[in-house]
Amino acid sequence: MTEVRPSRWGLTGATVPTWQAGTLAPWACDPARSRGRRHPEPEAPTRNAFQRDRDRVIHSTAFRRLVYKTQVFLNHEGDLFRTRLTHSLEVAQLGRSIARALGLHEDLVEAIALAHDLGHTPFGHAGQDALNACLHEDDGPWAAEPRGPNEPHGGFEHNLQSLRVVDELEERYPAFDGLNLCLETREGILKHCSRANAAWLEQREPDGVGARFLRGESPSLEAQLANVADEIAYNAHDIDDGVRSGLLTLEQLEQVELFDHFRRAALGEHPHLRGRRLLYESIRRMLSAQVYDVIDATRRALQQAGVGTLQEVRAHPPLLGFSPAMREASSQLKRFLLVNLYRHPQVMDTTARARQVVADLYRAYCADPARLPAPCRRAGLSLRRQVADYIAGMTDRYAIREHERLTGQRLFG
């Protein structure tokens, strides 16, 4: 079976082989050969190990909280803006589409995609940055408290926090903390990790999820794919949400070559298109081009690298991604969004207030630990880390209400 791709954006235009539906490529992760779970469990009778991981993520408390966590716009700013939950669903959809074409394990990609943001704080990156600053620059009387044996090194990393959620913080099973996911799913969740925290993870779990950061190895192609699908998804939906909010215009987006190419192509076929229909059609074409580009560029990279097994993939620098032309086009789009959307005065004002909410909550709980709910007090953790875990698990609206209750200030309408 073959398919032909267009030559725009670095695509070859050549006829390339595709994997038969349902057939795993030799370099894919196979649940029958999984490196297992931290706590051994009998296999499920009707689901493979990665399907089981996906289902556990979907039924988790942290996953449900994503519906009220910010992507760019706060939950109260509009009902149709993306949240962490809808973003994760879009990442999963894109990831599965690409995985099918590359012969990768779709269920594993979906499990990673749905879980990758479980550790995000309220208020998106603003909340994460504020919590990281609190843990790094703590000058309260609790600052001298030693780090507990069960907590990572200083600061806050949302990828590591996502791993903490699925390994420690979820409380659903009688025999263990967390969700007890497969190592392949967990390594995909932990996209980035400081060397100090990787060493801490390795000490707790030899040859586990921290090992690849210490060895300089790559994760599985499924993990690499979830990371790329994340980028494709947020670039596209941030254009949509930016226009919906009124902070971006279609005229501004003509500066972005990647978007404008498909806007003009859409108008060439449908001259009557205007407004949201033109926006949607342009984004749809842009998404398709990026998906096809990743598929073709990855096939070429795999062929050139000569890899034939999962272990060879791990020993090689990352192989799954955009072609050079599409990478540059995507980077231009990201730069445009940074300047015109993420640093828009209206967004920056919201960001400043969000940072204050997180910092005030942190100081309030550290100053009076009795305010922390009993289930959040965990042995082997310093007060600072207990507070950080609690705040990171909050939704936007709960953090706003709790801040108003503790401080008497109303920072959001």
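The nearest pair of heavy atoms linking Ala388 to Leu131 is O-CD2, 3.7 Å. Of all heavy-atom pairs between Ala364 and Leu406, the closest is CB-CD1, 4.2 Å. Minimum interatomic distance between Phe322 and Ala297 (heavy atoms only, all atoms of both residues): C-CB, 3.8 Å. Among all heavy-atom pairs drawn from Pro152 and Asn197, the shortest one is CB-OD1, 3.2 Å. Leu258 and Leu333 make their closest contact through CD2-CD2, 4.4 Å (heavy atoms, listed as atom of the first residue, atom of the second, distance). Residue Val347 comes nearest to Leu341 through the heavy atom pair CG2-O, 3.4 Å, listed as atom of the first residue, atom of the second, then distance.
Side-chain atoms of His158 and Gln128 include a donor-acceptor pair closer than 3.5 Å. No hydrogens or angles considered: a donor-acceptor pair under 3.5 Å links the side chains of Gln93 and Ser97. In the model, His403 has a side-chain atom that pairs as donor or acceptor with a side-chain atom of Asp360 under 3.5 Å. A donor atom on one side chain and an acceptor atom on the other are not found under 3.5 Å apart for Gln332 and Gln255. Side-chain atoms of Gln224 and Ser218 include no donor-acceptor pair closer than 3.5 Å. No side-chain donor from either of Asn159 and Ser162 sits under 3.5 Å from a side-chain acceptor of the other. Counted by atom type alone, Tyr280 and Arg284 present zero donor-acceptor pairs between their side chains at under 3.5 Å. Between the side chains of Ser88 and Asp117, no donor-acceptor pair is found at a separation under 3.5 Å.
With Asp396 contributing its side chain and Phe123 its backbone, the two residues share a donor-acceptor pair below 3.5 Å. The main-chain N or O of Leu181 is never found under 3.5 Å from a side-chain atom of Asp53 such that the two would form a donor-acceptor pair. Of the possible donor and acceptor atoms, none in the side chain of Ser34 sits under 3.5 Å from a partner among the backbone N and O of Pro31. With hydrogens and angles disregarded, a donor-acceptor distance shorter than 3.5 Å links the side chain of Glu222 to the backbone of Cys29. Within the 3.5 Å criterion, the main-chain N or O of Arg300 finds no donor-acceptor partner in the side chain of Gln303. Side-chain atoms of Arg385 do not come within 3.5 Å of backbone N or O of Gly154 as any donor-acceptor pair. A donor-acceptor contact shorter than 3.5 Å is absent between the side chain of Gln346 and the backbone of Leu247. Side-chain N or O atoms of Thr86 include one that pairs as donor or acceptor with a backbone N or O of Thr83 at under 3.5 Å. Judged by distance alone, with hydrogens and angles left aside, the side-chain atoms of Asp293 form a donor-acceptor pair with the main-chain N or O of Ser323 at under 3.5 Å.
With rounding to the nearest 0.5 Å, the separation of CD1 in Ile189 from CG in Leu114 is 10.0 Å. Interatomic distance, Leu160 CG to His153 NE2, rounded to the nearest 0.5 Å: 10.5 Å. Between the CD atom of Glu184 and the CZ atom of Arg37 there is a distance of 9.5 Å, given to the nearest 0.5 Å. The line from CD of Glu254 to NE2 of His261 is 14.5 Å long, rounded to the nearest 0.5 Å. For the atom pair CG (Leu338) and OG (Ser331), the distance works out to 12.0 Å, reported to the nearest 0.5 Å. Between the CG atom in Asp238 and the CZ atom in Arg244 there is a gap of 13.0 Å [rounded to 0.5 Å].
Residues Thr395 and Pro122 fail the side-chain proximity criterion, which asks for heavy atoms closer than 4.5 Å. Annotation: side chain of Met394 is in contact with side chain of Leu361 (closest heavy-atom distance under 4.5 Å).
By the 6.0 Å contact criterion, CZ on Arg35 is enclosed, its count of non-hydrogen atoms from other residues, nucleotides or ligands being greater than 12. Remark: Arg343 CZ is loosely packed, at most 12 non-hydrogen atoms of other residues, nucleotides or ligands lying under 6.0 Å away. Within 6.0 Å of atom CD in Glu404, more than 12 heavy atoms from other residues, nucleotides or ligands are found, so the atom counts as buried in its surroundings.
Look at Asp349 and Arg353 and you find a salt bridge, because one of the NZ, NE, NH1 or NH2 atoms lies within 4.0 Å of a carboxylate O, short of that distance. Ion pairing between a basic and an acidic side chain is recognised when a charged N comes within 4.0 Å of a carboxylate O; Arg327 and Glu231 show such pairing. A salt bridge does not link Glu269 to Arg264: none of the charged side-chain nitrogens sits closer than 4.0 Å to a carboxylate oxygen. Taking 4.0 Å as the cut-off between side-chain N and carboxylate O, Arg96 and Asp107 count as a salt-bridged pair. Taking a cutoff of 4.0 Å between a charged side-chain nitrogen and a carboxylate oxygen, Arg314 and Glu217 do not qualify as a salt bridge. Using a 4.0 Å cut-off between a side-chain N of Lys or Arg and a carboxylate O of Asp or Glu, Arg384 and Glu151 do not qualify as a salt bridge. For Arg263 and Asp260, the salt-bridge test passes: some basic side-chain N is under 4.0 Å from an acidic carboxylate O. With salt bridges taken as basic N to acidic carboxylate O contacts below 4.0 Å, none links Arg52 and Asp55. One finds a salt bridge joining Arg186 and Glu205 here, because a Lys/Arg side-chain nitrogen approaches an Asp/Glu carboxylate oxygen to under 4.0 Å. By the 4.0 Å N-to-carboxylate-O rule, Asp368 lies too far from Arg363 to be salt-bridged with it. Using a 4.0 Å cut-off between charged side-chain N and carboxylate O, Arg38 and Glu168 make a salt bridge. The residues Glu281 and Arg277 are annotated as not salt-bridged, no charged nitrogen and carboxylate oxygen being separated by less than 4.0 angstrom.
Ring centroid separation for the pair His120 and His87 does not come in under the 6.0 Å cut-off. Ring centroid separation for the pair Tyr390 and Tyr365 comes in under the 6.0 Å cut-off.
Cation-pi geometry between Arg56 and Tyr173 is met: under 6.0 angstrom from the ring centre, within 45 degrees of the axis.
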Q: Report the C-alpha separation of Ser382 and Arg147 in whole Å, then their side-chain angles, then the decisive distance to 0.1 Å, and conclude whether the side chain to side chain contact (heavy atoms under 4.5 Å, CB included) test is met.
A: CA-CA 6 Å; Ser382 67; Arg147 182 173 62 90; 5.7 Å; no
Q | Chi angles and distances behind the side chain to side chain contact (heavy atoms under 4.5 Å, CB included) call for Thr309, Trp27 | A | CA-CA 4 Å; Thr309 66; Trp27 45 73; over 6 Å; no
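Applying side-chain contact (heavy atoms from CB on, under 4.5 Å) to Asp177 and the options His39, Arg378, Arg172 leaves one that passes, Arg378.
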